[in-house]
Amino acid sequence: EHDEYYLRANQIVQQTTLATLDENEAARDLYLRSLDEDPRFAPAWARLARCQRVIGKAGKDTNANFAAAEGSLRHALALNPELPIAHILYAHLETDLGRIKDALLRLLTTAAVNTAEPELFGMLVMVCRYAGLLEASVAAHQRARRLDPHIVTSVRHTYWALGDAQRAIGDGRSYYFEAMIHATLGHVDNALAILRPVLAVPRPETMTAFLGTLLACLEGRRAESLAFAERTLQLFRDPEARFYLARQLAYMGEGERAVGVLQQVLEGGYCFSRAVAIDPWFDGLRASPEFQRVVLQSTERESVLADVFTRSGGNRLLGAGA
C-alpha cells in the first residue's frame, strides 16, 4: 500500500499538467519523505525524478537537478528494470539532455513489450518529432488515443511541423504556440487577443519574456522584442521552444542570430529540416549558405535516427514509415 506522502505528491503534480515550480518542489519533498519510509519503492524514485527534471528545466540549478533526476531514475530501474513509468520519464530526461537516439531506443524497446501502455506512445509522439520522424509521431499519437481516448499528447506541434496549421490550433492555452500559429496565418488580431490578456497580469520571468517577445514583435516594438528573445534564450533550454524563437528571429530579419539559434537547437537534439522547408517565416534565409548548412546537418541527423527507428522495429510497432 502506498504511503500518504507518495499519494499526496502524486495529487500535487497530477492535478494539473502545468504544476508550478513551487508545486513541483513540494511534491519532490513529499517523494523524498516517502522514500525515507520505503527506499525500495521504485515508482517513488521515478516520480521524484520527474520533479527534479521539471525543476531543472525551469532554470533552477539545472545541471544539478538533471543529474539528480538521472540518479533517481537509475535507482528506480535498479529496483524494477521493467517499470514503464521509469522508462517514460527517463526518455523525457534524455530528450531534454539532447540524447534523442537513447530516448528513441528506450521507448521502442519498452513499448514492444508494453503494447497497451498509452503513456509510452504519448512520449513517443514527442521523441519521434524531435527525431524528425513526423509521420511516426502522428502514428504514436493515434496508437495512444486508441489505448486511452482522453490522453493528451504533444501531437499539435507535430501537425505544425507537417504544415497542418488547422489541426495544430487548439484551445488557446498554449499561449505562444497558439499565437504563433495565428500570426503565421496572418490572423494577427487573434494572436494579440491571446497574448495581451495573459501578459496583463504578473507572470514568472520566463513566461513574461517568452510571450513578451512575440507580442512586441507583432506590435512592431522591435528592440523590445529582441531583448525579450535574448532573455528567453538565456532562461529556456527547451530546444523546441528555441526553434520557435529562431523562426521569429528569422522573420524579424535577424538571420545570423536565427542560424546561430538553429545550430543550438540541433545540438539540443531537435531536428527541423522539414519544418523549415515549409515555414514562410524562414523565407528570408533560404539563400543563406549558413542556413543551408545547418538544415543539411539536420537532414543528416534525421537520416541516422530514421535508420535507428527502422532497425529497432518502429515500423512494425507503429505501422509508420520513418
- Task: Treat each ILVMFWY residue as a node, draw an edge where side-chain heavy atoms are under 4.5 Å apart, and state whether L192 and M207 are in one component.
- Result: yes

Listed pairs under 3.5 Å, donor-acceptor, residues 276-288 side chains, sequence neighbours left out:
residue, atom, partner, partner atom, Å
D279, OD1, R247, NH2, 3.0
D279, OD1, W281, N, 3.0
D279, OD2, R247, NE, 2.6
D279, OD2, R247, NH2, 3.3
D283, OD1, R286, NE, 3.1
D283, OD1, R286, NH2, 3.1
R286, NH1, V276, O, 2.8
R286, NH2, V276, O, 2.9
R286, NH2, D279, O, 2.7
S288, OG, E290, N, 3.3
S288, OG, E290, OE1, 3.2
S288, OG, F291, N, 3.1

- Query: Run the side-chain hydrogen bond (donor to acceptor under 3.5 Å, both in side chains) check on Q52 and Y31 step by step: do they pass?
  - Reply: CA-CA 11 Å; Q52 292 164 327; Y31 286 128; over 6 Å; no

- For residues T208 and R203, is any side-chain donor paired with an opposing acceptor at under 3.5 Å? no

- Item | Check ion pair E135-R274 (N to O, under 4.0 angstrom) | yes

- Can you tell me how far the CE atom of M252 sits from the CD atom of Q248, to the nearest 0.5 Å? 6.0 Å

- Query: What do the steps show when you test E4 against S34 for side-chain hydrogen bond (donor to acceptor under 3.5 Å, both in side chains), and what is the final call?
  - Reply: CA-CA 8 Å; E4 178 191 353; S34 172; over 6 Å; no

- Item | Ring geometry between F210 and Y176 (parallel below 30°, tilted from 30 to 60°, perpendicular above 60°) | parallel

- Task: Show your reasoning for whether salt bridge (charged side-chain N to carboxylate O under 4.0 Å, His left out) applies to R156 and E178.
- Result: CA-CA 10 Å; R156 292 172 52 212; E178 215 83 47; 2.7 Å; yes

- Before giving the answer on salt bridge (charged side-chain N to carboxylate O under 4.0 Å, His left out), spell out for R231 and E205 the whole-Å C-alpha distance, their side-chain angles and the decisive distance to 0.1 Å. CA-CA 9 Å; R231 186 60 181 145; E205 183 185 7; 2.5 Å; yes

- Query: How far apart are the closest heavy atoms of V188 and L218, and which atoms are they?
  - Reply: CG1-CB, 4.4 Å

- R222 atom CZ, neighbour heavy-atom count above 12 within 6.0 Å: yes

- Message: Please evaluate residues R47 and V13 with respect to the criterion side chain to side chain contact (heavy atoms under 4.5 Å, CB included), reporting the C-alpha separation (whole Å), side-chain torsions for both, the decisive distance (0.1 Å), and the verdict.
- Response: CA-CA 9 Å; R47 296 187 186 279; V13 294; over 6 Å; no

- Query: Looking at CG of D102 and CG of L97, how far apart are the two atoms once the value is rounded to the nearest 0.5 Å?
  - Reply: 9.5 Å

- Linking I/L/V/M/F/W/Y whenever any side-chain heavy atoms sit under 4.5 Å apart, do I100 and L296 land together? no

- Task: Give a yes or no answer on whether the side chain of N114 reaches the backbone of E117 with a donor-acceptor pair at less than 3.5 Å.
- Result: no

- Message: If you count every heavy atom of other residues, nucleotides or ligands that lies below 6.0 Å from R33 atom CZ, does the total exceed 12?
- Response: no

- Query: Taking the side chain as C-beta and beyond, is there a heavy-atom pair between Q263 and Q297 under 4.5 Å?
  - Reply: yes

- Message: For E82, I'd like to know if atom CD has over 12 heavy atoms of other residues, nucleotides or ligands within 6.0 Å.
- Response: no

- Taking the side chain from R40 and the backbone from L35, do they hold a donor-acceptor pair closer than 3.5 Å? no

- Heavy atoms of R301 and L266 approach each other most closely as NH1-O, 3.2 Å

- Out of curiosity, R143 CZ to D148 CG, how far, rounded to the nearest 0.5 Å? 13.5 Å

- Ring-face cation contact, Y159 with R167, 6.0 Å cut, 45° max: yes

- Distance in Å, L120 CG paired with R106 CZ, rounded so as to fall on 0.5 Å steps: 11.0 Å

- Task: Determine whether the aromatic ring centres of Y6 and F41 lie less than 6.0 Å apart.
- Result: yes

- Item | Spacing of L199 atom CG and L211 atom CG [to the nearest 0.5 Å] | 5.0 Å

- Hey, is the main chain of A216 close enough, under 3.5 Å, to the side chain of S225 for a donor-acceptor pair? no

- Message: In this structure, is the centre-to-centre distance between the rings of H141 and F121 below 6.0 Å?
- Response: no

- Message: Closer than 4.0 angstrom, basic N to acidic O: yes or no for E224 and R221?
- Response: yes

- Item | Check: T153 side chain, V155 main-chain N or O, donor-acceptor pair, under 3.5 Å | yes

- Query: Do R53 and E94 pass the salt bridge (charged side-chain N to carboxylate O under 4.0 Å, His left out) test, and can you show the C-alpha distance, the side-chain angles, and the key distance before you say yes or no?
  - Reply: CA-CA 10 Å; R53 178 187 64 78; E94 288 168 330; over 6 Å; no

- Task: Start with the C-alpha gap between E219 and R196, add the side-chain angles, then the distance that decides, and say whether salt bridge (charged side-chain N to carboxylate O under 4.0 Å, His left out) holds.
- Result: CA-CA 11 Å; E219 291 182 337; R196 283 173 175 161; 2.8 Å; yes

- Item | Any donor-acceptor N or O pair under 3.5 Å, side chains S273, S298 | no

- Query: Just checking, is any N or O donor in the side chain of T213 or T232 under 3.5 Å from an acceptor N or O on the other one?
  - Reply: no

- Message: Evaluate L147 against T115 for side chain to side chain contact (heavy atoms under 4.5 Å, CB included), listing each step before the verdict.
- Response: CA-CA 9 Å; L147 293 167; T115 55; over 6 Å; no

- Query: Which one of R50, K57, R237 satisfies the salt bridge (charged side-chain N to carboxylate O under 4.0 Å, His left out) criterion with D96?
  - Reply: K57

- Query: Quick one: do the Y270 and Q264 side chains pair a donor with an acceptor below 3.5 Å?
  - Reply: no

- Check for a donor-acceptor pair, side chain of H157 on one end and backbone N or O of M126 on the other, with a separation under 3.5 Å. no

